Amino acid sequence: MRNAFLIIDTQFDFCHPQGALFVPGAEQDVERMSALIRNHADQIDHIVVTLDTHQVLDISHPLFWHDASGNHPAPFTRISGDEVDAGRWIPRFSPEKAINYIHNLEADGQFAHFIWPEHCLIGSRGAALHDTLLDALKNWSRKRDLDYVAVQKGLYPLSEHFGIFRAQVPDANVPETQLNTSLIADLARFDTVYLLGEAKSHCVANSLKQILDFAPELIPKLVIVTDCMSDVTGLGYLADPIYAEAQSRNVRFLKADAVFN
């Protein structure tokens, strides 16, 4: 059996208490996933890590929007299509595309548009892999003579990119927002694909949803490692339907200590 790990956004800003968007529980998640990699290097044949990566002027960051008085929304503000149409929140950049994005997001039944603290800024400490995970990855590479694969997402500033496989609202003129078929094909080479990372409520859940929707060939291979991911505080309910759908489609759920036992 050949095994692959797909590790979502295990970066400083999500996994360290000083990070801009720290997910409580993530430090312990990192310890568990790193222990799996250190202790079972010979049983892990491929590792893909994803890197949430943003510009400051991103549609999900406060500076992108203002109200009629010039005030920017606070982090965790929800922006709806109705509010944008009423002028409650005004996009400062690419207004037509930004407004269409909010409406397309809602029409597709996806998560509401939230404003986040500036996070995972390109080139910043916050965008880097957590040191504990990086040490485990380097150890694995030296044992196996293999490199881990790093895949960036989120650099297109006019769409959120929670799931690794495509942006929330793809733009036909922006290739990196389209479905990443090469990544799907890369993972499909393996018998089992273990899904881990942060945050369970957002980027892990949306990556899972994209597998369910766009990569049916991966579904029978998929294992969700339940204690190597945690929710954004208070928002876990958003992803409950995604995990319920995965269970109904016979995706396997395991804790870390059962992965190779």
Side-chain angles (χ1 to χ4, degrees), residues 8-9 13-14 19-24 52-122 124 126-127 153-174 176-179 198-210 213 230-245:
I8 306 295
D9 298 4
D13 268 349
F14 301 126
L21 193 46
F22 176 57
V23 177
D52 201 38
T53 311
H54 297 290
Q55 308 283 356
V56 175
L57 303 180
D58 184 279
I59 199 165
S60 69
H61 288 164
L63 196 60
F64 194 95
W65 301 88
H66 65 76
D67 63 15
S69 301
N71 301 305
H72 301 298
F76 304 104
T77 298
R78 175 181 172 172
I79 293 182
S80 70
D82 288 344
E83 288 176 314
V84 171
D85 290 343
R88 171 72 181 89
W89 294 113
I90 304 163
R92 299 176 60 222
F93 310 96
S94 303
E96 184 177 351
K97 284 191 173 184
I99 291 168
N100 285 339
Y101 169 76
I102 301 295
H103 285 293
N104 288 334
L105 198 66
E106 293 180 349
D108 196 39
Q110 298 191 49
F111 290 177
H113 185 59
F114 275 89
I115 299 301
W116 304 106
E118 291 178 1
H119 65 284
C120 296
L121 298 179
I122 187 168
S124 73
K153 65 180 177 68
L155 273 168
Y156 180 59
L158 295 176
S159 176
E160 277 276 32
H161 207 308
F162 293 125
I164 185 55
F165 297 100
R166 64 161 223 182
Q168 299 308 108
V169 179
D171 186 317
N173 297 312
V174 183
E176 62 264 34
T177 69
Q178 302 296 311
L179 186 65
E198 305 302 340
K200 178 184 177 184
S201 55
H202 285 77
C203 294
V204 177
N206 275 266
S207 296
L208 171 59
K209 178 63 173 169
Q210 290 171 354
D213 288 348
S230 296
D231 293 320
V232 176
T233 302
L235 296 179
Y237 69 92
L238 291 172
D240 286 347
I242 296 172
Y243 291 100
E245 180 184 352

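Quantities reported herein were computed from a predicted structural model and do not represent experimental measurements. Only heavy atoms go into these numbers, but all of them, side chains included; no hydrogens, no water, no symmetry mates.
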From [X] [atom1] over to [Y] [atom2], what is the distance, rounded to the nearest 0.5 angstrom?
X	Y	atom1	atom2	result
Asp52	Lys153	CG	NZ	3.5 Å
His161	His54	NE2	NE2	9.5 Å
Phe14	Ile8	CZ	CD1	11.0 Å
Arg92	Ile59	CZ	CD1	13.5 Å
Asp67	Trp89	CG	CH2	5.0 Å

Can you name the closest pair of heavy atoms from [X] and [Y] and give their distance?
X	Y	value
Leu235	Ser201	O-CB, 3.6 Å
Ala98	Pro91	CB-CB, 3.7 Å
Pro62	Pro73	CB-O, 3.3 Å
Val169	Ser159	N-OG, 3.3 Å
Cys120	Gly126	SG-O, 3.9 Å
Phe64	Phe93	CZ-O, 3.4 Å

Side chain to side chain donor-acceptor pair (under 3.5 Å) against Asp82, all qualifying residues, sequence neighbours excluded: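 Testing Asp82 for side chain to side chain donor-acceptor pair (under 3.5 Å), a comparison that skips the adjacent residues, returns none.
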Kindly say whether [Y] contributes a backbone atom to a donor-acceptor pair with the side chain of [X] at under 3.5 angstrom?
X	Y	value
His103	Leu105	no
Glu176	Leu155	no
Ser69	Asn71	no
Ser207	Ile164	yes
His61	Val56	yes
His72	Trp65	yes
Gln55	Ile122	no

Are side-chain heavy atoms of [X] and [Y] found at a separation under 4.5 Å?
X	Y	value
Pro75	Trp116	no
Val23	Ser230	yes
His113	Ser60	yes
Phe76	Leu21	yes
Tyr101	Ile99	no

Return the set of residues passing salt bridge (charged side-chain N to carboxylate O under 4.0 Å, His left out) with Asp171 (not counting sequence neighbours), or none when no residue passes.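 By the salt bridge (charged side-chain N to carboxylate O under 4.0 Å, His left out) rule, Asp171 matches Lys97.
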Please name all residues satisfying salt bridge (charged side-chain N to carboxylate O under 4.0 Å, His left out) with Asp213, sequence neighbours left out, ordered by chain then number.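 So Asp213 forms a salt bridge (charged side-chain N to carboxylate O under 4.0 Å, His left out) with Lys209.
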Where do Tyr243 and Lys200 land on the side-chain contact (heavy atoms from CB on, under 4.5 Å) test, with the steps shown first? CA-CA 10 Å; Tyr243 291 100; Lys200 178 184 177 184; 3.2 Å; yes
Side chain to side chain donor-acceptor pair (under 3.5 Å) between Gln168 and Asp108: does it pass, once the steps are laid out? CA-CA 9 Å; Gln168 299 308 108; Asp108 196 39; over 6 Å; no
List the steps, then state whether side-chain contact (heavy atoms from CB on, under 4.5 Å) holds for Leu238 with His202. CA-CA 8 Å; Leu238 291 172; His202 285 77; 3.9 Å; yes
